[in-house]
Colleague: 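Sharing a structure below in C-alpha cells format, with a few things to ask.
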Amino acid sequence: MEIIIKPVLTEKMTKLTDTQNKVAFLVAKDANKIEIKNAVEAMYGVKVVAVNTQRYQGTVKSRYTRAGVVSGRTPSFKKAIVTLAEGDKIDFFSNI
C-alpha cells in the first residue's frame with residue numbers, strides 16, 4: 001500500500017515549513033499516524049516528532065452547460081501535517 005501520495009506545496013505550507021518545521025502530505029485514507037510516521041522517516045531519512053491528520057470531504061460542484069446542469073463531486077482526501085525534529089529538513093526542490 002502506498003501511504004504517501006504527494007507533498008502539499010502551497011504558500012501557507014511553505015510558511016509553516018520555514019517557521020515551525022512542519023511539512024504536509026496527502027496520504028492514503030486508511031493510513032494511521034504510526035504508518036505515516038514510519039513512511040516519512042523511511043522515505044526522507046528524517047526524525048518525525050508528531051503527526052496530525054485531517055480528513056476532507058469532496059465538495060459538490062455544478063456548472064451549467066447546453067445539455068443542462070452537470071453536477072459532480074471532487075474526491076475526498078486525507079492530509080497529514082508532519083512535525084520534524086529540530087535540525088531536520090526536507091527539500092523537495094533539490095533534484096530539479
Side-chain angles (χ1 to χ4, degrees):
M1 175 178 80
E2 186 68 28
I3 294 175
I4 297 175
I5 298 171
K6 66 179 181 178
V8 177
L9 301 173
T10 60
E11 291 181 18
K12 189 174 186 178
M13 282 313 305
T14 304
K15 185 175 180 182
L16 267 181
T17 301
D18 293 340
T19 59
Q20 299 178 11
N21 208 19
K22 294 184 178 184
V23 183
F25 297 97
L26 290 183
V27 295
K29 291 180 193 175
D30 56 346
N32 60 27
K33 292 182 180 185
I34 297 168
E35 293 173 342
I36 295 167
K37 177 183 176 181
N38 293 336
V40 171
E41 287 178 348
M43 186 176 285
Y44 295 105
V46 294
K47 176 80 172 115
V48 174
V49 176
V51 177
N52 297 329
T53 58
Q54 302 168 350
R55 293 182 65 104
Y56 290 92
Q57 185 175 1
T59 58
V60 176
K61 294 192 173 190
S62 62
R63 64 174 187 253
Y64 298 98
T65 63
R66 274 189 187 172
V69 178
V70 176
S71 62
R73 180 178 286 275
T74 60
S76 59
F77 61 94
K78 186 174 188 177
K79 182 168 74 171
I81 298 177
V82 177
T83 305
L84 302 177
E86 192 66 34
D88 284 341
K89 184 178 176 182
I90 297 175
D91 188 14
F92 295 114
F93 303 107
S94 64
N95 60 357
I96 295 179

Colleague: Does atom CD (Gln20) have a neighbourhood of more than 12 heavy atoms from anything else shown, all under 6.0 Å?
Modeller: yes
Colleague: For the backbone of Phe25 and the side chain of Lys6, can you confirm whether one donor and one acceptor N or O come within less than 3.5 Å of each other?
Modeller: no
Colleague: Less than 4.5 Å apart, side chain to side chain, heavy atoms only: is that true for Ile5 and Val27?
Modeller: no
Colleague: Is a side-chain N or O of Glu41 found less than 3.5 angstrom from the main chain of Asn38, in a donor-acceptor match?
Modeller: no
Colleague: Shared ILVMFWY cluster between Val82 and Ile90, side chains joined below 4.5 angstrom?
Modeller: yes
Colleague: Linking I/L/V/M/F/W/Y whenever their side-chain heavy atoms sit closer than 4.5 Å, directly or via other members, would Val49 and Tyr44 fall into one cluster?
Modeller: no
Colleague: If I take atom CD1 from residue Ile3 and atom CG from residue Asp30, how far apart are they, to the nearest 0.5 angstrom?
Modeller: 8.5 Å
Colleague: Kindly work out whether a path of hydrophobic side-chain contacts (I/L/V/M/F/W/Y, heavy atoms less than 4.5 Å apart) joins Phe93 to Met43.
Modeller: yes
Colleague: With a 3.5 Å distance limit and no angle check, can you tell me whether Asp88 reaches the backbone of Val46 through a side-chain donor-acceptor pair?
Modeller: no
Colleague: Indicate yes or no: at least one non-hydrogen side-chain atom of Leu16 is less than 4.5 angstrom from one of Met13.
Modeller: yes
Colleague: Is Ile34 close to Lys37 at the side-chain level, that is, under 4.5 Å between some pair of heavy atoms?
Modeller: no
Colleague: Under the 3.5 angstrom rule, does the side chain of Asn21 hit a backbone N or O of Thr83 as a donor-acceptor pair?
Modeller: no
Colleague: Side chains of Lys47 and Leu84, heavy atoms from C-beta outward: is any pair under 4.5 Å?
Modeller: no
Colleague: Does any N or O in the side chain of Arg73 come within less than 3.5 Å of the main-chain N or O of Gly58, such that one atom is a donor and the other an acceptor?
Modeller: yes
Colleague: Out of curiosity, Ile4 CD1 to Ile36 CD1, how far, rounded to the nearest 0.5 Å?
Modeller: 8.0 Å
Colleague: Roughly how far, to the nearest 0.5 Å, is CZ of Phe77 from CD of Gln54?
Modeller: 9.0 Å
Colleague: If hydrophobic clusters are built by linking Ile, Leu, Val, Met, Phe, Trp and Tyr wherever their side-chain heavy atoms come under 4.5 Å apart, do Val48 and Phe92 end up in the same one?
Modeller: yes
Colleague: Do Lys29 and Ser76 have side-chain atoms, one donor and one acceptor, less than 3.5 Å apart?
Modeller: yes
Colleague: According to a hydrophobic-cluster definition based on side-chain heavy atoms being under 4.5 Å apart (Ile, Leu, Val, Met, Phe, Trp, Tyr only), do Leu26 and Val23 belong together?
Modeller: no
Colleague: Evaluate side chain to side chain contact (heavy atoms under 4.5 Å, CB included) for Val8 paired with Lys79, printing each intermediate quantity in order.
Modeller: CA-CA 8 Å; Val8 177; Lys79 182 168 74 171; 4.1 Å; yes
